[in-house]
Each structure stands twice: as C-alpha cells, then as structure tokens.
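Naming: A, B, ... by sequence-line order, numbering from 1 per chain.
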Number of protein chains: 2
Amino acid sequence: MAGRVTISDIAKAAGVSKTTISRYLNGNYGYMSAETRARIEEIIKKYNYVPNSIARTLKSKKSGMIGVIVNTLRYQVGAQTVTGINDICTKNGYGTIVHCTNGDRRAEETAVQLCLNQQVEGFIIIPCENSVAPYLEICERGIPVVICTRRLDDWPYGCVYVRHDELIQKMLLHLKEQGFEKVRFLLDVHDFHKEAMAGFFSAASAELFGMSREESIRWVGRESPAVCEALDALLHEYPGQSKAVMAVNTHTLFLTLRELERRRIRIPHELGVCGYDVIGWSELVYPGISAIRQPMDRMGIIAAEKMMESLREQRPTQGACALEGSLFFRNSTNLKAL
Amino acid sequence: MAGRVTISDIAKAAGVSKTTISRYLNGNYGYMSAETRARIEEIIKKYNYVPNSIARTLKSKKSGMIGVIVNTLRYQVGAQTVTGINDICTKNGYGTIVHCTNGDRRAEETAVQLCLNQQVEGFIIIPCENSVAPYLEICERGIPVVICTRRLDDWPYGCVYVRHDELIQKMLLHLKEQGFEKVRFLLDVHDFHKEAMAGFFSAASAELFGMSREESIRWVGRESPAVCEALDALLHEYPGQSKAVMAVNTHTLFLTLRELERRRIRIPHELGVCGYDVIGWSELVYPGISAIRQPMDRMGIIAAEKMMESLREQRPTQGACALEGSLFFRNSTNLKAL
DNA sequence: CTGAAAGCGCTTACAG
DNA sequence: CTGAAAGCGCTTACAG
C-alpha cells in the first residue's frame with residue numbers, strides 16, 4: 001500500500017500541516033524547528049512515503065522529465081546516443097520520455113506535442129529536417145532544447161555534432177591519393193542528415209574528382225535490393241577506371257559488403273570500399289574495411305550535460321560542441337600497396 | 001500560447017460547463033445534443049486546445065504511459081527490443097518511459113518506483129534477476145507486467161522469450177558432430193540472463209562433451225582484456241584436442257574474433273568459433289562465422305502487443321510466447337569439410 | 001441533455 | 001517557525 005500514502009496522511013501522523021510537510025519535501029528547512037524536521041523524517045520513513053510526482057507536476061509545471069526525440073533506436077547511432085542521454089539524466093534525477101520519428105516530420109511534431117503535454121522540462125532532439133522554426137518555438141516557451149548530431153543554420157542555442165564535412169573530405173582525399181578515379185556515396189533515405197551528408201560528399205567529390213552531384217550520390221534505403229542495384233550499376237559504369245564506394249552508415253556498409261561478397265568482387269581491385277561503422281566489425285571483414293567512426297555515446301552524454309547545465313542555471317542551452325570522429329584506413333581502399 | 005488554453009477557457013467560449021467539455025473529451029457523446037457537440041468541436045479546433053494530460057492523470061490515475069525497463073540500450077539486443085515496443089505503443093497512443101538498469105537490481109527497483117510514481121499503466125521489463133517477487137507485487141496493484149527475453153519460474157502472467165536452451169543445444173550438437181572435443185562459453189557478466197544461459201550451456205556440454213560447468217564456462221566483461229585472457233587460456237588447454245569457443249552476444253563475439261585475428265589463429269583448425277550475432281556481420285568475417293540469431297524486434301513487438309491487449313481488456317497480461325531463433329552453420333565450425 | 005461541486009495530491013502566496 | 005486556503009486542470013458522482 002506504499003503508493004497510496006499521501007501528504008495528508010503524513011501531515012496527520014506527524015501532527016503538522018500539509019504546508020510544513022511540503023516544505024520539508026522541498027528542502028525548505030530554514031523555516032522549521034529541528035524537532036519538527038526530525039519527526040517528519042521519521043514518519044516519512046515509517047510510512048514509506050513517496051510524494052506523487054504527477055500532483056507535483058500539475059502544480060509546479062516541473063515534471064522531472066526530459067523529452068528525447070530521435071530518428072530510430074533500431075541502429076547503433078540512435079541507440080548509443082540515447083544510452084548516453086539516459087545515463088546522464090538518470091544520474092541527475094531526471095527521467096526520459098523517448099519518441100522515435102523514423103525521420104517523419106509529422107511524427108516529430110506529434111512527439112513534441114506529447115512531450116510538451118507531459119510537461120517535460122527540456123528537449124534533446126535529433127531533428128528530421130533543417131528548419132529551426134519548430135525548435136525555436138519550443139525555446140520561446142522557456143523550455144530548453146539541445147540539438148544533437150546536427151548543426152543547424154541559425155540555431156543560437158546548444159547543439160552537439162560531428163564534423164562530417166571534415167571526415168568525408170579526408171576520406172575522399174585518401175581515396176584520391178590512393179589513385180581512385182571515381183567515387184560514389186550510398187545514402188540512406190532514412191538517415192538523420194541525409195541532405196547535409198549528401199552536400200558534404202558532393203562538394204568534396206566535385207572538387208577532388210570533378211564529379212557532379214548526380215554522378216556521385218545514390219539514394220538507397222534500409223533494404224537490400226536498392227543497395228544491390230546501386231552496386232550493380234556502379235560496377236558497370238566508368239569501365240577501365242578505378243572506383244570506390246562509400247556507405248553512409250553501418251547498415252548500408254553491411255549490405256554493401258554482403259553484396260560484394262556474393263558477387264565475389266575483389267576489394268579494392270575491382271571496387272574500393274569504405275563507410276561509416278559505429279560498431280567496428282568492418283575491421284574484421286576481409287581485406288579490412290576503411291571506416292569512419294563517430295563517438296555516439298559521447299554525443300549523447302554531452303547533449304545531456306548541456307541540458308542539465310541549462311536546467312540548473314535556468315537559462316537556454318548554449319554552445320555548439322563539435323566532436324571529432326576517427327578515420328581508419330585499411331586495405332579496402334589501399335590501391336597503392338597492391 | 002496554444003499550451004495555455006484550459007478546459008475552463010473552452011467551456012466559457014462554448015457557453016457550456018466544464019463537465020460537458022470533459023464529457024466531449026472523453027467521447028461521452030451520448031449525453032449531449034448534436035449542436036452542443038458540434039460547437040465544442042469547433043471551439044476546440046479554433047483554440048487549438050489540447051487537454052493537459054498531467055491533470056488528467058492526477059484525477060484518473062491513467063497516464064497513457066508504459067514503463068520500459070531494460071538492461072542497456074548500448075547493444076542491439078536491448079535497442080531493437082525497445083524499438084519494437086516503442087512502435088507498438090506509439091501506434092496505440094501510449095508513450096514510453098525507458099529506464100536502463102545496467103543489470104543492477106537496485107537500479108531496477110528505483111526505476112520501477114519512478115515509473116509507478118509517474119502512474120505508468122503497465123510495465124515491460126527485461127529483468128535483472130530470477131526472483132519474480134518484485135514483479136508480482138506490481139501485478140498485485142493491478143498494474144499489468146510483461147516479462148521480456150526471459151522465462152521466469154513461477155511467473156503466471158505474460159512473457160516473451162527465445163528458446164535459448166534449444167538453440168544452444170543444437171549448436172553444441174553441431175559442434176559435436178563436426179568432431180570438436182571441447183567447448184567453452186564466454187559469458188558477459190552484464191548480460192540479461194547470464195545465469196540461465198550458463199545453465200543451458202553447461203547442461204548441454206556436460207551431456208555432449210562430458211565437461212563440468214567449471215570447465216565449460218568463463219565469465220568475461222564488455223572489455224577486451226578479459227576476453228583475450230580467456231582465449232589465451234583456452235588455446236593452451238587440452239593440447240591435441242580440437243576446441244571451439246562460443247560467445248554469448250554480438251559484442252563478445254566481436255572481441256573474440258578481433259583477438260583471434262590479431263593472433264592469426266586459423267579458424268576452425270586451431271579453434272572453432274560461434275556465437276550470438278543480432279546484426280549479421282559474422283557472415284562476412286572469414287571464414288564465415290557460425291551464429292545464432294534472435295528476433296529481437298519481434299520480441300519487443302509481441303511484448304507490447306500483449307500489453308496493449310491486457311490494457312484493452314482490463315486484465316493482467318497472459319501467455320508465454322516462445323520465439324524461435326535461427327541457426328547459421330558456417331565454416332568457422334566446419335571441421336569435417338577440411 | 002446539462003451543470004455545480006467536490007476532489008485527485010501537491011505547492012505557494014499570505015497571514016500570523 | 002507554522003498553517004489555512006486557494007488553486008494547478010482535469011473527472012465524476014450527484015442532482016436536476
């Protein structure tokens with residue numbers, strides 16, 4: 001029956017008013033005799049009383065909850081970010097309400113509304129689209145927002161992101177140095193920041209390989225067939241030129257490697273391969289797959305810490321934090337050593 | 001200002017009482033003239049009114065939230081399960097409050113309390129330990145619970161689990177048939193059901209390989225060194241006999257393969273390798289790694305569906321659902337073909 | 001078909 | 001140092 005004890009029961013048992021109990025609960029000991037305080041403490045222990053946080057929230061508008069809105073938890077990127085967020089929030093006495101948007105702007109809108117309605121005290125969002133308007137609106141209500149894994153233009157508040165532009169640029173430079181003549185980027189339509197990634201890649205490939213965006217980018221989904229088709233096409237294009245493919249996330253990289261293995265394509269002779277890999281398996285696949293790794297758990301941790309800070313100091317979130325990713329060059333793009 | 005409109009504002013604007021608005025909100029149209037209903041609908045649209053769910057929860061004790069308690073989201077097993085749960089809950093208009101326990105019973109206890117305090121309407125739990133007592137207590141309060149990825153003894157309510165006993169048994173049978181003479185299981189101390197898994201493995205290896213539990217089981221963590229030591233030891237044991245190692249989860253399998261690659265151990269000649277792999281990368285690692293795959297997303301989906309059913313019909317959850325995993329025999333355990 | 005009133009379990013001016 | 005009272009935004013007997 002622990003859950004049924006209310007502040008009135010405690011007040012009665014302690015022989016004081018609800019007001020005094022409430023003050024005790026909120027740590028306002030200043031206005032309280034030591035005896036009263038001790039008595040209340042004892043009674044609360046005895047009755048195993050836990051204040052009802054819903055009632056508290058209704059009155060105070062503070063729920064102790066953070067709204068976390070991500071694309072999906074299905075893949076490591078989102079899951080690890082949320083893990084980091086969860087750890088920090090829990091440590092600070094906050095709970096999280098997690099919603100997945102699957103990249104759908106309307107689902108994101110709904111998720112925000114639901115969280116708002118639950119009186120969340122802050123939002124950590126991996127956004128679907130580029131417009132900052134909806135997030136600014138939240139901030140205007142006085143609710144802090146941290147944007148995660150992206151850097152949005154015109155976003156004056158806190159955000160954490162990875163320098164994908166640099167990572168992609170460096171990977172392409174490496175491919176160029178290794179003597180590759182054409183590159184292609186396999187993008188996932190469901191990805192967090194497909195557009196931004198496409199932009200980085202096409203810019204770098206235009207500069208280094210003289211390729212147009214139409215040449216260098218292909219959109220594939222989470223499903224195998226699209227990846228297979230894209231690879232089939234690439235293998236037949238640019239005859240006589242050395243080509244490389246880059247996969248935008250771990251899953252796409254997996255599908256790519258599986259298809260190349262099925263076709264017995266020799267890597268890197270017939271096709272160079274590289275991509276993002278959060279997990280590390282690419283290291284173990286023959287002949288060793290060159291990969292970009294992003295520190296997803298740190299991203300969540302830093303985002304949540306920014307949120308905690310903002311809540312503590314009662315101000316909007318602030319500061320853009322750029323995280324470094326890591327590059328691993330392995331034999332899958334090593335044309336020169338052969 | 002959308003969030004600030006209350007039921008009183010709407011009542012005033014519509015020229016009716018709060019009672020009537022409330023009835024409208026809860027779909028009790030039976031006691032309402034068509035005109036009134038239409039007017040209210042219009043006003044609500046106009047003001048963009050959304051009822052405050054905290055106030056609703058306080059009064060009705062129904063929060064529209066499900067408490068989800070898992071070990072961790074860091075690895076695919078938990079993350080995919082939660083993805084499935086999230087999808088189903090969202091589809092049915094429920095939100096989720098996710099807590100990670102990291103396998104700590106006290107953290108689990110705290111998480112349950114926090115959820116209870118948020119008036120969650122049900123729990124989906126991947127439990128830390130074997131005792132059902134704490135979960136039965138929740139049920140006695142009338143709050144439905146689904147236990148996930150485990151089958152607990154004496155648990156009379158709903159649960160979803162994978163038949164690990166069968167999967168492990170079949171894998172060991174396969175190893176036996178392939179001529180392996182000794183087997184060893186690398187277990188993760190942080191795993192969901194380490195004890196149960198250890199039990200299955202030691203039972204099967206006692207029967208098939210005549211090994212004691214002490215011989216067949218090793219506890220390793222999520223960190224590399226413990227795995228390396230365990231492998232080093234195994235490679236020096238049983239000289240002249242063919243040995244195989246099995247990894248309890250994807251991450252442990254990864255660490256195992258990385259270490260074997262570093263040591264240039266020939267698989268399966270010097271050591272047979274198999275393990276759990278939720279992602280599928282093991283297929284791509286030379287010479288093709290035998291693996292067990294469990295349908296984690298389905299697990300979450302089924303668990304959540306059981307919960308929705310129970311909520312709809314206002315009864316405890318029911319039924320144990322055993323999911324089939326899949327076995328993939330590849331060259332890493334193929335001693336005979338060589 | 002509709003509404004006044006009490007109450008869910010807290011917090012917080014206000015008064016003493 | 002302490003408490004009575006109002007109120008957060010809803011729901012729900014009860015009465016008409």
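Heavy atoms of A:Thr57 sit nowhere under 4.0 angstrom from any nucleic acid atom.
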Identify every side-chain donor-acceptor pair in residues 301-312 of chain A under 3.5 Å, counting partners at least two apart or on other chains, and give the distances.
from: A:Lys306; atom 1: NZ; to: A:Gln318; atom 2: O; distance (Å): 3.0
from: A:Lys306; atom 1: NZ; to: A:Gly319; atom 2: O; distance (Å): 3.1
from: A:Glu309; atom 1: OE1; to: A:Arg315; atom 2: NH2; distance (Å): 3.2
from: A:Ser310; atom 1: OG; to: A:Arg315; atom 2: O; distance (Å): 2.7

Per-pair distances, 0.1 Å, donor-acceptor, side chain in residues 115-126 of chain B, under 3.5 Å, sequence neighbours excluded:
from: B:Asn117; atom 1: OD1; to: A:Ser53; atom 2: N; distance (Å): 3.1
from: B:Asn117; atom 1: ND2; to: A:Pro51; atom 2: O; distance (Å): 3.0
from: B:Glu121; atom 1: OE2; to: B:Ser63; atom 2: N; distance (Å): 3.2
from: B:Glu121; atom 1: OE2; to: B:Gly64; atom 2: N; distance (Å): 2.5

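Considering only residues two or more places apart in sequence or on other chains, A:Glu42 meets the salt bridge (charged side-chain N to carboxylate O under 4.0 Å, His left out) condition with none of them. Taking A:Glu41 as the reference, nothing meets the salt bridge (charged side-chain N to carboxylate O under 4.0 Å, His left out) condition, with sequence neighbours excluded. Here A:Tyr157 pairs with A:Trp155 under the ring pair (Phe, Tyr, Trp, His ring centres under 6.0 Å) rule; sequence neighbours left out. For the salt bridge (charged side-chain N to carboxylate O under 4.0 Å, His left out) test, no residue two or more places apart in sequence or in another chain qualifies with B:Glu129. Residues that satisfy the salt bridge (charged side-chain N to carboxylate O under 4.0 Å, His left out) test with A:Arg150, not counting sequence neighbours, are absent from this structure. For A:Tyr135, there are no ring pair (Phe, Tyr, Trp, His ring centres under 6.0 Å) partners at least two apart in sequence or on another chain. Under the rule for a ring pair (Phe, Tyr, Trp, His ring centres under 6.0 Å), the partners of B:Tyr24 that lie at least two apart in sequence or sit in another chain are B:Tyr29.
At the phosphate of C:dG3, OP1 or OP2 sits under 4.0 Å from a side-chain N or O atom of B:Thr20.
Base pairing in DNA chain D gives the following stems of 3 or more Watson-Crick or G-U pairs, range against range and under 3.5 Å: C:1-3 with D:14-16, C:5-12 with D:5-12, C:14-16 with D:1-3.
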Handout entry: Protein proximity profile, nucleotides 6-16 of chain C - base contact B, sugar-phosphate-only contact S, no contact -, cut-off 4.0 Å on heavy atoms
Key = -BBBBBBB---
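Straight-line distance from the CD1 atom of B:Ile40 to the P atom of C:dC1: 13 Å, rounded to whole Å.
Comparing the same atom, P, in C:dG9 and in C:dA13 gives a spacing of 23 Å after rounding to whole Å.
Using a 4.0 Å cutoff on non-hydrogen atoms, no part of residues 110-121 of chain A comes near DNA chain D.
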Exercise for the section: Decide yes or no on side chain to side chain donor-acceptor pair (under 3.5 Å) for A:Thr101 and A:Asn71, but give the supporting numbers first. Expected result: CA-CA 5 Å; A:Thr101 62; A:Asn71 184 331; 4.8 Å; no
